[in-house]
**Student:** 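The structure is given below, and queries will be raised subsequently.
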Amino acid sequence: VLEPQKKEAFNRHPAHLIYTHHALCRMDCRHISREDIDQVMQNGIIFLNKTDLNDRPCPTFALQGFTKEDENIRVIFAQCTDETKVVTCYNLHKDFECHCSGDEGVSSKKNEY
């Protein structure tokens with residue numbers, strides 16, 4: 001008898017995926033495509049120590065994985081019941097100097113999430 005699959009807290013197939021302006025800026029700066037984001041959303045590992053299920057207004061999830069170009073990236077998603085937002089993303093092998101709105105006073109370190 002097969003055990004039922006344990007339900008994951010993160011929905012990998014959301015009905016609505018929204019990219020914040022900050023995420024789009026970071027993606028452009030760090031050469032991360034929507035396809036890369038989708039790849040990590042589908043196959044990435046959820047890092048519980050970087051995830052905040054009590055975040056408001058929606059829980060935030062940190063997923064990490066490799067793109068088809070073999071870049072190791074981390075993506076932060078905010079997931080509500082009716083929509084999922086891409087909040088930001090990082091290339092874990094390369095540091096990029098990005099100037100996105102909301103970066104003022106924020107460390108540019110890739111480990112801020």
Side-chain angles (χ1 to χ4, degrees):
V1 177
L2 289 175
E3 293 272 328
Q5 281 258 325
K6 193 175 119 193
K7 186 172 178 339
E8 206 169 49
F10 181 74
N11 176 6
R12 293 181 187 264
H13 305 282
H16 300 286
L17 183 64
I18 297 164
Y19 291 82
T20 64
H21 290 294
H22 182 76
L24 290 170
C25 178
R26 289 290 179 103
M27 288 165 63
D28 185 53
C29 171
R30 293 175 170 152
H31 312 290
I32 296 172
S33 69
R34 288 175 186 246
E35 188 180 343
D36 295 335
I37 299 289
D38 190 55
Q39 177 90 22
V40 171
M41 184 166 58
Q42 300 307 315
N43 304 312
I45 296 167
I46 299 171
F47 273 73
L48 293 176
N49 63 331
K50 304 284 185 183
T51 291
D52 185 355
L53 298 176
N54 297 314
D55 213 354
R56 295 287 171 253
C58 307
T60 51
F61 294 85
L63 275 73
Q64 193 169 312
F66 288 89
T67 67
K68 64 181 189 218
E69 292 85 24
D70 213 30
E71 296 286 336
N72 190 7
I73 65 171
R74 179 179 296 150
V75 183
I76 308 302
F77 297 94
Q79 193 161 70
C80 290
T81 311
D82 54 345
E83 69 182 22
T84 298
K85 286 184 181 174
V86 178
V87 177
T88 193
C89 55
Y90 306 91
N91 181 316
L92 298 173
H93 289 160
K94 292 182 195 149
D95 240 343
F96 291 93
E97 186 68 34
C98 297
H99 299 284
C100 298
S101 64
D103 283 350
E104 299 80 23
V106 174
S107 163
S108 64
K109 295 278 181 241
K110 57 188 163 208
N111 294 325
E112 59 198 41
Y113 267 96

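It should be emphasised that the depicted structure is a prediction, and the values quoted were computed from it without experimental measurement.
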**Student:** For Phe66 and His93, take the angle between the two ring planes, folded into 0 to 90°, and tell me which bin it lands in: parallel under 30, tilted 30 to 60, perpendicular over 60.
**Tutor:** tilted
**Student:** Any chance CD1 of Ile18 has more than 12 other-residue heavy atoms, nucleotides or ligands included, within less than 6.0 Å?
**Tutor:** yes
**Student:** Identify the residue among Arg34, Arg26, Lys85 that makes a side-chain contact (heavy atoms from CB on, under 4.5 Å) with Tyr19.
**Tutor:** Arg34
**Student:** Inspect cysteines Cys25 and Cys100 and report if their side-chain SG atoms are under 2.5 angstrom from one another.
**Tutor:** yes
**Student:** Shared ILVMFWY cluster between Leu24 and Leu63, side chains joined below 4.5 angstrom?
**Tutor:** yes
**Student:** Do Lys94 and His31 have side chains that approach each other closer than 4.5 Å (heavy atoms only, starting at C-beta)?
**Tutor:** no
**Student:** Indicate whether any N or O donor in one side chain lies under 3.5 Å from an N or O acceptor in the other, for Thr67 and Gln39.
**Tutor:** no
**Student:** Take Phe61 and Phe10, measure what ring pair (Phe, Tyr, Trp, His ring centres under 6.0 Å) needs, and give me the verdict at the end.
**Tutor:** CA-CA 7 Å; Phe61 294 85; Phe10 181 74; 5.1 Å; yes
**Student:** Are Val40 and Leu48 connected into the same hydrophobic cluster when the rule is that any two of I, L, V, M, F, W, Y join if their side-chain heavy atoms are below 4.5 Å apart?
**Tutor:** yes
**Student:** I'd like to know if Arg30 pairs up with Glu71 as an ion pair, taking the criterion as any Lys NZ or Arg NE/NH1/NH2 lying under 4.0 Å from an Asp or Glu carboxylate oxygen.
**Tutor:** no
**Student:** Any side-chain heavy atom of Thr51 sitting closer than 4.5 Å to one from Ile46?
**Tutor:** yes
**Student:** Which atoms form the tightest heavy-atom contact between Ala23 and Cys89, and what is the distance?
**Tutor:** O-SG, 4.4 Å
**Student:** Can you establish whether the number of heavy atoms outside Glu69 located under 6.0 Å from its atom CD is more than 12?
**Tutor:** yes
**Student:** Is the shortest heavy-atom distance from the side chain of Leu92 to the side chain of Gln64 under 4.5 Å?
**Tutor:** yes
**Student:** Flag yes if Leu53 and Met41 sit in one hydrophobic cluster, no otherwise; membership is Ile, Leu, Val, Met, Phe, Trp, Tyr, and two members link when side-chain heavy atoms are under 4.5 Å apart.
**Tutor:** yes
**Student:** Met27 and Phe77: same hydrophobic cluster, using ILVMFWY side-chain contacts below 4.5 Å?
**Tutor:** yes
